[in-house]
**Student:** 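Please read through the structure below; I'll follow up with questions.
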Number of protein chains: 2
Amino acid sequence: MVTIKDVAKEAQVSVATVSRVINNQGYVHEDTRAKVEKAIKALQYRPNNVARSLFKKKSKMIGFIVPDITNPYFPQLVRAVEDVTNKAEYTTFLCNSDEDLKKELMYLEKMQENHIDGAIIVSNTLELEHVERLNLPIIALDRFFHNSIPSVTVDNYNEARKAVRFLLENGCKKIAHIKGPKYIENSILRQKAYEDEMNEQNMPLIECEGEYHLKDSEKAFLELLKQNPDIDGVFAGNDVMAVGALKAARRLNLSVPEDLSVMGFDGIEWTETVSPEITTMAQPIYEMGKRAATMLLELIDGKRLDDVHVVYDTEMVIRESAKRR
Amino acid sequence: MVTIKDVAKEAQVSVATVSRVINNQGYVHEDTRAKVEKAIKALQYRPNNVARSLFKKKSKMIGFIVPDITNPYFPQLVRAVEDVTNKAEYTTFLCNSDEDLKKELMYLEKMQENHIDGAIIVSNTLELEHVERLNLPIIALDRFFHNSIPSVTVDNYNEARKAVRFLLENGCKKIAHIKGPKYIENSILRQKAYEDEMNEQNMPLIECEGEYHLKDSEKAFLELLKQNPDIDGVFAGNDVMAVGALKAARRLNLSVPEDLSVMGFDGIEWTETVSPEITTMAQPIYEMGKRAATMLLELIDGKRLDDVHVVYDTEMVIRESAKRR
DNA sequence: CTGTTAGCGCGTTCAT
DNA sequence: ATGAACGCGCTAACAG
């Protein structure tokens with residue numbers, strides 16, 4: 001391994017001078033700079049970020065904890081975060097938590113050990129103290145975490161109400177809801193929105209559990225449809241489950257949207273791959289990831305955040321599965 | 001920050017002793033060990049992996065370069081790699097290259113600077129010298145890289161031939177192929193397989209360019225169908241493009257598989273979300289990621305690999321879009 | 001403008 | 001069984 005010392009020797013200067021050249025700071029004569037740069041090139045020298053981190057207590061690395069990268073919602077987020085942090089010369093550690101507290105804690109420790117400069121987390125299981133004791137800039141993404149932790153989310157409740165209202169306005173008489181997991185904040189808010197909207201219209205609640213998964217949703221909703229053949233609309237807690245609903249409908253030879261209107265939430269690409277394409281409340285996913293990353297970098301730079309809790313609206317993307325009458 | 005020194009002071013021993021306890025090596029009296037462990041707990045001490053890496057020249061981090069995490073094939077791979085490396089106490093840096101040589105090189109430099117212990121790469125653009133000068137264990141995944149770089153891939157050529165043969169055997173008379181990008185090895189092999197199989201049967205080649213993307217594929221294949229209404233089978237270079245083909249068929253009101261048989265390649269989840277579900281040559285994606293990660297760890301541990309170039313078969317998953325007559 | 005030097009936190013000889 | 005001391009590669013005073 002070629003070190004700063006080797007470069008110094010090659011260029012016949014001191015290590016300090018080399019350091020000045022690398023970091024582009026302090027005075028250094030043009031001629032010496034040229035000599036050093038030549039030596040660097042000749043030796044193919046790359047500064048050792050580990051040594052640098054040790055001294056600076058800044059690693060230029062950030063952590064990102066997501067529940068499960070194979071859930072199509074998250075890759076977009078990861079992409080956005082990486083695009084932003086990268087431009088600022090940061091690298092990103094990715095961690096899959098499986099919504100498992102133990103794993104999350106393990107990852108936090110690892111991050112701490114590696115001296116990361118900050119982290120973005122998508123979690124409902126971690127508690128404030130776990131995060132606070134890192135004593136590091138943290139941004140909560142996709143899910144609100146705690147008042148004292150800056151966050152980037154969508155207005156799940158109000159946007160979900162809009163979704164249900166859309167089904168109502170278009171003449172659906174019996175609207176079901178496919179719920180997500182009980183322990184996920186988002187999921188609860190979307191469910192509550194459905195219930196409040198329905199109650200306000202004095203309409204009966206018909207629900208089943210889809211666990212944010214395709215197969216679970218398909219199965220549960222199939223049962224629900226069998227028991228309630230007059231269901232003519234469904235609001236799924238996320239797009240993955242909306243696809244499940246579509247599959248269930250197909251099994252019973254129901255036409256969408258003629259017999260059944262299907263409404264999703266999230267705006268993932270799946271909604272465009274299926275037929276009919278699914279109407280959904282699209283989150284500005286990439287934008288959210290970008291924002292969270294930008295905020296994190298600001299915190300790392302010691303700046304203060306303009307908005308601590310950023311809440312986005314969704315965009316209702318009307319497609320085939322539920323449309324204006 | 002609490003360091004090894006603080007622990008030493010608290011436990012009234014030397015740093016060397018604390019180090020011995022942490023790393024569980026060398027002799028240390030049970031009583032002193034207890035004292036040290038108590039101090040560690042009291043101070044909530046965590047060893048600083050940065051300092052450790054500096055000394056050991058081992059960071060317990062590995063790099064993983066993928067073209068684009070939003071392509072549904074890769075999250076599975078990422079998942080598998082992470083699951084394996086994690087068990088061995090490694091953390092994974094994720095990098096999106098966009099198949100862009102510049103980005104890939106930038107990432108390699110970053111990895112080097114951060115002193116990673118090894119890397120897994122999915123790339124066709126990098127050249128041997130770029131990778132070799134890292135002087136680090138490297139595994140090529142999904143795409144063969146160079147004879148001297150261990151790899152984990154599927155037998156693209158032969159498995160693609162099987163796919164085409166399946167369409168032939170089931171009576172397709174005019175079979176088209178939707179090609180992937182020209183610069184990706186996999187894509188070329190699958191195309192060649194199609195061409196060889198067709199030529200062997202003295203059947204005409206009908207091709208269009210799908211770029212491994214949904215929209216591109218849909219658009220290109222739509223045109224192709226218009227010009228060749230008698231196409232009754234299509235082998236898409238990957239599943240994403242197979243979905244595009246399905247959408248194109250729907251636009252022309254063609255029934256799948258009655259009017260048109262559709263065959264994909266990869267085995268991503270999309271093939272199950274659409275209707276009809278797509279017949280595809282499913283790669284053991286998770287297994288491949290696991291294998292690559294395992295191999296990398298073996299190399300890092302200084303072991304020799306049993307198989308340097310691992311080639312998997314695919315599994316033909318016969319579903320609705322193309323089936324036995 | 002440039003060089004010398006003292007650590008950053010840790011692991012490891014080498015003594016004891 | 002334990003401690004003192006050196007060095008991993010780098011940066012930031014401090015001198016000159």
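Hydrogens, waters and symmetry mates play no part in the numbers below; they use all other heavy atoms, side chains included. Throughout, protein chains are lettered first and strands after them, A, B, ... in sequence-line order, and every chain is numbered starting at 1.
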**Student:** Could you tell me the separation between the NZ atom of B/Lys57 and the P atom of D/dG7, rounded to a whole number of Å?
**Tutor:**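 After rounding, the reported distance stands at 14 Å.
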**Student:** CG of A/Asp31 versus P of C/dC1: gap in Å, rounded?
**Tutor:**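 Rounded to whole Å, this separation is 11 Å.
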**Student:** Out of D/dT11, C/dC10, D/dG9, which has the shortest distance to the side chain of B/Phe55?
**Tutor:**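 Looking only at side-chain atoms, B/Phe55 lies closest to C/dC10.
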**Student:** Over how many whole Å does the gap from B/Asn24 atom CG to C/dG11 atom P extend?
**Tutor:**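 These atoms are roughly 12 Å apart.
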**Student:** Indicate whether OP1 or OP2 belonging to D/dT2 is found under 4.0 Å from a side-chain N or O atom of B/Thr32.
**Tutor:**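 It does, given that an N or O in the side chain of B/Thr32 lies less than 4.0 Å from OP1 or OP2 of D/dT2.
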**Student:** Side-chain N or O of A/Ser19 less than 4.0 angstrom from OP1 or OP2 on D/dT11?
**Tutor:**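 Checking D/dT11 against A/Ser19, a side-chain N or O does come within under 4.0 Å of OP1 or OP2.
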**Student:** Under 4.0 angstrom, heavy atoms only, what part of the nucleic acid is B/Glu30 near: base, sugar-phosphate, or nothing?
**Tutor:**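 B/Glu30: no heavy atom of the nucleic acid under 4.0 Å.
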**Student:** Using only modelled atom types and a 3.5 angstrom limit, is any donor from either the side chain of A/Arg46 or the base of D/dG9 paired with an acceptor on the other?
**Tutor:**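 There is none.
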**Student:** Please check if any side-chain donor atom of B/Gln283 sits under 3.5 Å from a side-chain acceptor atom of B/Tyr73, or the reverse.
**Tutor:**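 The answer is yes; a qualifying pair exists.
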**Student:** Rounded to the nearest Å, what distance is computed from the OH atom of residue A/Tyr27 to the P atom of nucleotide D/dA13?
**Tutor:**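 About 15 Å, once rounded to whole Å.
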**Student:** Looking only at side-chain atoms of A/Ile4, point me to the closest of C/dC10, D/dA1, D/dC10.
**Tutor:**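 Ranking C/dC10, D/dA1, D/dC10 by closest atom to the A/Ile4 side chain puts D/dC10 first.
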**Student:** B/His29 NE2 to D/dT2 C1': how many Å, rounded?
**Tutor:**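 So the two atoms are 12 Å apart, to the nearest Å.
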**Student:** Between CG of A/Asp117 and CG of A/Leu299, what distance do you get to the nearest 0.5 Å?
**Tutor:**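 Separation between the atoms: 12.0 Å.
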**Student:** Just the rounded figure in Å: distance from P of C/dG9 to CG of B/Asp6.
**Tutor:**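 One finds 9 Å between P of C/dG9 and CG of B/Asp6, rounded.
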**Student:** Would you kindly give the CG-to-C1' distance between B/Leu54 and C/dT12, to the nearest whole Å?
**Tutor:**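 Going from B/Leu54 (CG) to C/dT12 (C1'), I get 14 Å.
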**Student:** Looking at A/Ser14, does any N or O in its side chain come under 4.0 Å of the phosphate oxygens OP1/OP2 on C/dT2?
**Tutor:**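 No, no such contact exists.
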**Student:** Touch check for A/Val13, heavy atoms < 4.0 angstrom, all strands: base, sugar-phosphate only, or nothing?
**Tutor:**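 Sugar-phosphate contact only.
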**Student:** Does B/Arg20 or A/Asn23 map to a spot on DNA chain D nearer the 5' end, using the closest nucleotide for each?
**Tutor:**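 It is B/Arg20 whose nearest nucleotide is closer to the 5' end.
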**Student:** Ignoring the backbone of B/Asn48, work out which of C/dT2, D/dG9, C/dC10 is nearest its side chain.
**Tutor:**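 The closest nucleotide is C/dC10.
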**Student:** How about B/Ile300 and B/Tyr90: do any of their side-chain heavy atoms sit closer than 4.5 Å?
**Tutor:**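 They are in side-chain contact.
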**Student:** In the structure I gave you, are the side-chain heavy atoms of B/Leu126 and B/Leu101 within less than 4.5 Å of one another anywhere?
**Tutor:**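 Yes, at least one pair of side-chain atoms sits under 4.5 Å.
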**Student:** Using a 4.0 Å heavy-atom cut-off across all strands, classify B/Thr3 as base, sugar-phosphate, or nothing.
**Tutor:**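 The answer is sugar-phosphate, as B/Thr3 gets under 4.0 Å only of primed atoms, P, OP1 or OP2.
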**Student:** Quick one: OH on B/Tyr107 to CD1 on B/Ile65, what's the gap to the nearest 0.5 Å?
**Tutor:**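 So the gap between those two atoms works out to 8.5 Å.
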**Student:** Rounded to the nearest Å, what distance is computed from the NZ atom of residue A/Lys56 to the P atom of nucleotide D/dC10?
**Tutor:**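 Distance check: A/Lys56 NZ to D/dC10 P gives 13 Å.
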**Student:** Under 4.0 Å between a side-chain nitrogen and a carboxylate oxygen: does that hold for A/Glu82 and A/Arg79?
**Tutor:**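 The answer is no: the pair does not qualify as a salt bridge.
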**Student:** Nearest heavy atom decides the nucleotide; on that basis, is B/Ala16 or A/Arg52 closer to the 5' end of DNA chain D?
**Tutor:**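 That would be B/Ala16.
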**Student:** Using a heavy-atom cut-off of under 4.0 Å over every strand shown, decide if B/Gln25 touches base, sugar-phosphate, or nothing.
**Tutor:**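 Sugar-phosphate contact only.
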**Student:** Assign B/Ser53 to base, sugar-phosphate, or nothing according to its heavy-atom contacts below 4.0 angstrom with the strands shown.
**Tutor:**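 Counting heavy atoms under 4.0 Å across all strands, no contact is made by B/Ser53.
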